[in-house]
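In what follows, residues are counted from 1 in the order of the sequence shown. Remember, it's a predicted structure, so these values are computed and weren't measured experimentally.
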Amino acid sequence: MTMMDPLIVFTYKSQHKFSSFLCVCLLMIITFIEAQSNLCRTSCGNIPINYPLGIDDGCGSPYYRHILDCSELGKLELRTPSGRYPVHSISYSDPHVLVADPYMWNCQDGDNFRPTRPFSLDTSTRFSLSPQNDYLFFNCSEDYVIVEPKPIFCERFPDRCDSSCDSASYLCRHLPECATALDRSSCCSYYPKATESLRLMLKYCASYTSVYWRTIGTSTTTDSPTSQVPEYGIRVDFDIPVTTHCLQCQDPSKGAGTCGFDTQTQNFLCLCKKGNVTSYCKDLDISEHRKASVIAGAVMGVSAAGAVGIGVGIWFVKKLRAKAPITCGVQSNENRLF
């Protein structure tokens, strides 16, 4: 029996080892490309997530990037400069997000006021505090805050009365869910125009809470107003930017893609099953962007070290010019790793 050259044996085994490694990496890349269209989650718990909002980076509109966060338990939170707040619901027909602030006063607190902090929003986003919010302040110092009942004419000319905190407001006299929660404390209603004015109010008031007016019905005639009830929480309004690109991308006749954006350039992308395009999924004239770097935060990717390994593997295989056939996914004596 003749002995084979050890160098030939080594190069033969190394060749098949690198080839099998290359097959595995290629299968990972193909799987990643096919998963791109499913990367954008459409709900968090029981709350739907639609355009322009997104909880996965590269999904929705870049105007709302990194604002919503969905925990592993399916709890949705809104990120703001003042903290993270649980989201109760999202409406897209009347675009707004309802959040709760656990630091605000609630009925269980009564006259026992806890330390609180002012709620604030990032002014660079398309979010804004809704005018349907009312703010109630408790135990304010009358040496620094103008606390007095607002005259009747304030209903017609509210701009002339915005400097005072209304001690005779409807909500102070009818606290939602707990009309008699306050025994010894004073209450007044004031709408802060900015975070700074809210911060100043809290400097001289013991606590505060936000009440929004929830619509519970629709009017059948123009003379009949919609029915609204007050509830604790903060309503945050948002805009839905309507673009031709997104409408074409979502059009079922054009492939029913998902509106997203490039995380590097923030340019529009239509996320499709076969990759990402700059127009719509059935537009065959547009070249597809299949690179893994298009969308950040993917559940699977190839590291820089792995990419270098693939490149070295391809070079090594070509250098050796293997004569034996290599079959991806099938391990035999000819292509086994060890």
Side-chain angles (χ1 to χ4, degrees), residues 67 69 75-89 96-123 125 127-151 154-155 158-159 161-215 228-237:
I67 291 182
D69 180 70
K75 301 297 183 181
L76 188 63
E77 290 184 321
L78 176 72
R79 293 177 176 143
T80 79
S82 56
R84 300 163 68 105
Y85 302 91
V87 175
H88 281 181
S89 63
H96 67 269
V97 178
L98 292 178
V99 301
D101 184 354
Y103 288 91
M104 286 184 176
W105 179 89
N106 58 58
C107 291
Q108 287 70 35
D109 290 341
D111 293 307
N112 300 316
F113 300 110
R114 300 168 295 136
T116 187
R117 62 185 181 188
F119 177 86
S120 66
L121 289 173
D122 186 351
T123 55
T125 67
F127 280 120
S128 61
L129 285 175
S130 173
Q132 295 188 33
N133 294 325
D134 280 319
Y135 297 88
L136 304 181
F137 293 86
F138 307 104
N139 273 13
C140 297
S141 171
E142 296 190 19
D143 294 333
Y144 298 96
V145 179
I146 301 176
V147 180
E148 59 184 22
K150 286 188 178 182
C154 290
E155 296 181 1
D159 294 339
C161 306
D162 60 356
S163 61
S164 62
C165 194
D166 184 10
S167 59
S169 70
Y170 171 83
L171 291 176
C172 279
R173 291 181 287 109
H174 304 86
L175 288 171
E177 303 174 11
C178 51
T180 59
L182 298 176
D183 294 329
R184 304 175 302 276
S185 303
S186 63
C187 170
C188 64
S189 178
Y190 174 74
Y191 185 83
K193 291 187 175 181
T195 302
E196 185 60 29
S197 61
L198 175 58
R199 188 178 292 109
L200 287 174
M201 288 290 292
L202 286 177
K203 184 177 180 180
Y204 303 111
C205 300
S207 186
Y208 88 117
T209 192
S210 174
V211 178
Y212 72 95
W213 292 88
R214 181 173 65 87
T215 301
Q228 293 182 318
V229 294
E231 293 186 2
Y232 293 105
I234 305 172
R235 171 172 164 149
V236 179
D237 294 339

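Each of Cys165, Ser169, Cys205 was compared with Tyr190 under the side-chain contact (heavy atoms from CB on, under 4.5 Å) criterion, and only Cys165 meets it.
Going from atom CD of Gln228 over to atom CH2 of Trp213 covers 7.5 Å, rounded to the nearest 0.5 Å. The distance from atom OG of Ser210 to atom CD of Glu231, rounded to the nearest 0.5 Å, is 11.5 Å. A distance of 6.0 Å separates CG in Asp69 from CD in Glu77, rounded to the nearest 0.5 Å. For the atom pair Ser167 OG and Ile146 CD1, the distance stands at 12.0 Å (nearest 0.5 Å).
Residues Pro102 and Pro86 are in side-chain contact: their nearest non-hydrogen atoms beyond the backbone lie under 4.5 Å apart. For the pair Tyr208/Met201, no side-chain contact is recorded, criterion being any heavy-atom separation below 4.5 Å from C-beta on. Looking only at side-chain heavy atoms (C-beta outward), Glu177 and Tyr232 come within less than 4.5 Å of each other. For the pair Ile67 and Leu78, the minimum side-chain heavy-atom distance is below 4.5 Å. Side-chain contact check for His96 versus Gln132: every heavy-atom pair is 4.5 Å or farther apart. A heavy-atom distance below 4.5 Å is not found between the side chains of Ser189 and Tyr170. Contact annotation: the side chain of Leu129 approaches that of Tyr191 to within less than 4.5 Å [non-hydrogen atoms, C-beta and beyond]. Residues Pro131 and Asp237 are in side-chain contact: their nearest non-hydrogen atoms beyond the backbone lie under 4.5 Å apart.
Across every non-hydrogen atom of Arg173 and Ala168, the tightest pair is NE-O, 3.1 Å. When every heavy atom of Ala206 is checked against every heavy atom of Phe113, the shortest pair comes out as CB-CD1, 3.8 Å. Nearest heavy atoms, Asp122 versus Thr125: O-OG1, 2.8 Å. The minimum heavy-atom distance linking Asp166 with Pro149 is given by the pair OD1-CA, 3.5 Å. Nearest heavy atoms, Ser207 versus Trp105: OG-CB, 3.6 Å.
Put simply, the side chain of Ser185 never gets that close to the backbone of Leu182: no donor and acceptor are under 3.5 Å apart. Under a 3.5 Å cut-off, the side chain of Ser82 and the backbone N or O of Phe119 do not form any donor-acceptor pair.
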Practice task
Quick one: do Arg114 and Asn106 satisfy side-chain contact (heavy atoms from CB on, under 4.5 Å)? Show the steps, please.
Solution key: CA-CA 10 Å; Arg114 300 168 295 136; Asn106 58 58; 3.6 Å; yes
Problem - side-chain contact (heavy atoms from CB on, under 4.5 Å) assessment of Ile234 paired with Tyr85 - result: CA-CA 10 Å; Ile234 305 172; Tyr85 302 91; 5.7 Å; no
Practice task
Test Thr80 against Phe127 for side-chain contact (heavy atoms from CB on, under 4.5 Å), laying out the working first.
Solution key: CA-CA 10 Å; Thr80 79; Phe127 280 120; over 6 Å; no
Tell me which donor-acceptor pairs under 3.5 Å the side chains of residues 135-145 have, and how far apart each pair is, sequence neighbours excluded?
from, atom 1, to, atom 2, distance (Å)
Asn139, OD1, Ser186, N, 2.9
Ser141, OG, Asp143, N, 3.4

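Less than 2.5 Å separates the SG atom of Cys172 from that of Cys187.
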